[in-house]
Engineer: 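If you scroll down you'll find the structure; I have some questions about it.
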There are 4 protein chains.
Amino acid sequence: MVGGSTVPAEVYRTAREVGQEIALAEAIVVTGGLGGVMEAAAKGAKEKGGTVVGILPGFSKSEANPYVDIPIVTGLGDGRNALIVQTAQALIALPGEYGTLSEIALALKIGKPVVSLGGWEISADIIKAKSPKEAVATALKAIGK
Amino acid sequence: MVGGSTVPAEVYRTAREVGQEIALAEAIVVTGGLGGVMEAAAKGAKEKGGTVVGILPGFSKSEANPYVDIPIVTGLGDGRNALIVQTAQALIALPGEYGTLSEIALALKIGKPVVSLGGWEISADIIKAKSPKEAVATALKAIGK
Amino acid sequence: MVGGSTVPAEVYRTAREVGQEIALAEAIVVTGGLGGVMEAAAKGAKEKGGTVVGILPGFSKSEANPYVDIPIVTGLGDGRNALIVQTAQALIALPGEYGTLSEIALALKIGKPVVSLGGWEISADIIKAKSPKEAVATALKAIGK
Amino acid sequence: MVGGSTVPAEVYRTAREVGQEIALAEAIVVTGGLGGVMEAAAKGAKEKGGTVVGILPGFSKSEANPYVDIPIVTGLGDGRNALIVQTAQALIALPGEYGTLSEIALALKIGKPVVSLGGWEISADIIKAKSPKEAVATALKAIGK
C-alpha cells in the first residue's frame with residue numbers, strides 16, 4: 001500500500017479501511033512504515049488481526065509508526081521505494097505526492113498490478129477502484145487469489 | 001539525463017544533441033549507462049570531448065554502452081534510479097517509459113530541477129524546453145550556472 | 001542470524017537449535033532467506049511457532065527457503081547484507097564464508113552486538129558463546145531483554 | 001582503494017603514494033569519497049593528473065573530500081561499500097576499521113583481487129604488498145594489465 005505521508009482525514013479513513021480489508025483477506029500489509037496512508041493502513045490491519053511490514057527509509061526502527069509489526073531498516077532513503085514495490089505482490093495506491101508516483105511508476109515498470117483508489121492516474125495500466133473493499137478484491141484477483 | 005532505453009531515431013538524435021550541449025557547457029553527463037537515450041547522450045558528449053558517468057543497474061560493467069567513461073556498478077536494479085537522480089544536479093528528461101517516470105518523480109520529490117524535452121509532463125513543476133540547446137541552458141540556469 | 005549458505009550437517013543442526021531458542025524467546029528470526037544456516041535457523045524457528053523474516057538478495061521471493069514467513073525482495077545483491085544487520089537487533093554468527101564476515105564487520109561498525117557460535121573471530125568485540133541456548137541468552141541480554 | 005576514514009600521518013602518506021601510482025598507471029581511483037585514506041588517495045591521484053571517483057554514503061555531494069572529480073551520491077550508508085567493491089576492478093586495502101573489513105570481505109566474496117598494504121589480513125586469499133608501487137603493480141597484474 002502506498003500513498004502520502006500527510007493526508008486529509010478522509011484519505012486516512014479510506015487507507016484504514018483498506019488495511020482492514022487486507023487483514024480480513026489474510027494478506028500482509030506492506031508499506032513504507034511512516035505516517036499518513038502508511039500509518040492508517042497499518043492501524044486498520046492491526047484492528048482486524050493482520051500483520052504489517054514497514055520498509056523504512058532511515059537507519060532506526062524508531063521512525064516506524066506504532067502499528068508496524070516487522071520494521072525493515074533499509075537506510076536507503078527514497079531508494080527503499082523500489083523494495084516496497086518488489087516485496088508487495090500488488091500495489092494499492094491512495095492519494096500521495098511524488099514519492100507515491102515513483103512507486104506506481106516502478107510497479108508498472110516491473111509489471112506488478114497497480115490498483116488506484118483516488119491516486120495518481122497517469123496510465124491506462126492502472127486499475128481504478130471505487131471503495132476499499134473493491135480495491136482489495138481487485139488486487140487479490142490480479143495476483144490470482 | 002533520463003529517457004527510454006529503446007527509442008525512435010528522432011528521439012535518439014535529440015538525446016545526442018543534448019549530450020553534445022552538456023559537453024560544450026563543460027558539464028558531466030550522468031545517465032543509467034544502457035541504450036537508447038542513455039547511449040545517445042553519451043555518444044553526443046564524447047563527440048564534444050565530454051565526460052560520461054553511467055550508473056548501471058546490474059553487476060557487470062560490460063552492460064555499459066561504449067561511450068561511458070566511468071561505469072558505476074550498482075547491482076541495484078531499478079533501485080539505481082534513485083542514485084542517478086541524487087547524483088545529477090538537474091534532470092533533463094526525454095521520452096521514456098515507466099522507469100523514466102520513476103526518475104522524474106524522485107527528482108521532483110527531492111527538489112531537483114526537471115527539464116522536459118518531450119517527456120512525461122505530469123506536473124507543473126516540470127520545466128518544458130523546445131530544443132536540446134534550450135534544455136541544457138535551462139538546466140544550467142536552474143542550478144545557478 | 002548469519003552464516004554460510006552451504007554448511008556441514010553439524011552447523012545446520014546448531015543453526016536450527018538457535019532458531020528454536022529465538023522462537024522460544026518470542027523474538028523474530030531475521031536472516032538472508034536462502035539456504036544453509038539461513039534455512040536451518042528458519043526451520044528451527046517455525047518448529048517452535050516463531051516468525052521468520054528473509055531479506056533476500058534477488059528480485060524474486062521464490063528464492064526464499066520454505067520456512068520464511070516474510071520475504072523482503074531487495075534486489076540489492078550483497079548490498080542486502082547491510083539491511084540484515086541494520087534490521088536485526090543483535091547478530092548471532094555461525095560459521096560462514098566472506099559474506100558472513102562482511103555482515104559481522106558491518107554489525108561491529110554500527111555497534112550492534114555480535115555473538116559468535118563458532119564463526120569468524122576477528123575481533124575482541126565479538127562475544128563468544130558455547131551453545132545455541134547461551135548464544136540466544138547472550139544476544140537478548142546484550143539488547144536489554 | 002579502501003582504508004580508515006581517520007588514520008595516522010604515516011598511513012595517510014602511504015595512501016597518497018598509492019593514489020599517485022594509480023594515476024601514473026592511468027587507472028582511475030575509486031574510493032568512498034570521505035576522509036583519511038580516501039582523501040589521501042584522491043589527493044595523490046590529482047597531484048599526478050589522475051581521475052577520482054567518490055562513491056559517497058550520504059545524500060549530498062558536499063560530504064566529498066575536495067579531490068573527488070566524480071561524486072556519486074548513493075544515500076546507501078554502509079550499503080555503498082558493496083558498490084565500491086563492485087565498481088573497482090581490484091581492491092587495495094590500507095589499515096582501517098570494520099568498514100574496511102566489510103569491503104575486503106565483499107571483494108573476496110565476489111572474487112575481486114584484494115591487495116593489502118598493512119590492512120586486515122584475515123585470509124590467505126589476500127595478496128600482501130610492501131610498498132605503494134608494489135601494491136599498484138600487483139593489482140594491475142591481477143586484472144591483466
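Both backbone and side-chain heavy atoms feed into the values below; hydrogens, waters and symmetry mates do not. In the text below, chain A, chain B and the rest are named by the order of the sequence lines, each starting its count at 1.
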Engineer: To the closest 0.5 Å, what do you measure between CG (D:Asn81) and CG (C:Asn81)?
Structural biologist: 11.0 Å
Engineer: Give a yes or no on this: more than 12 heavy atoms of other residues, nucleotides or ligands lie within 6.0 Å of atom NZ of D:Lys61.
Structural biologist: yes
Engineer: Under a 4.5 Å heavy-atom cut-off, does chain C meet the side chain of D:Ala82, its backbone, both or neither?
Structural biologist: side chain
Engineer: Tell me, yes or no, whether the heavy-atom count around D:Glu97 atom CD, taken from other residues, nucleotides or ligands under 6.0 Å, exceeds 12.
Structural biologist: no
Engineer: In terms of heavy-atom pairs under 4.5 Å, which option from C:Gly99, C:Gly77, C:Gly79, C:Ala107 contacts chain D the most?
Structural biologist: C:Gly99
Engineer: Return the CD1 to OG distance between C:Ile104 and D:Ser102, rounded to the nearest 0.5 Å.
Structural biologist: 12.0 Å
Engineer: For C:Ser123 and D:Tyr98, work out which heavy atoms get closest and say how close.
Structural biologist: OG-OH, 2.5 Å
Engineer: Would you say that D:Leu106 contacts C:Leu101 through its side chain, given a criterion of any heavy-atom pair below 4.5 Å between the two side chains?
Structural biologist: no
Engineer: CD of D:Glu47: more than 12 outside heavy atoms within 6.0 angstrom?
Structural biologist: yes
Engineer: Under a 4.5 Å heavy-atom cut-off, does chain C meet the side chain of D:Ile110, its backbone, both or neither?
Structural biologist: side chain
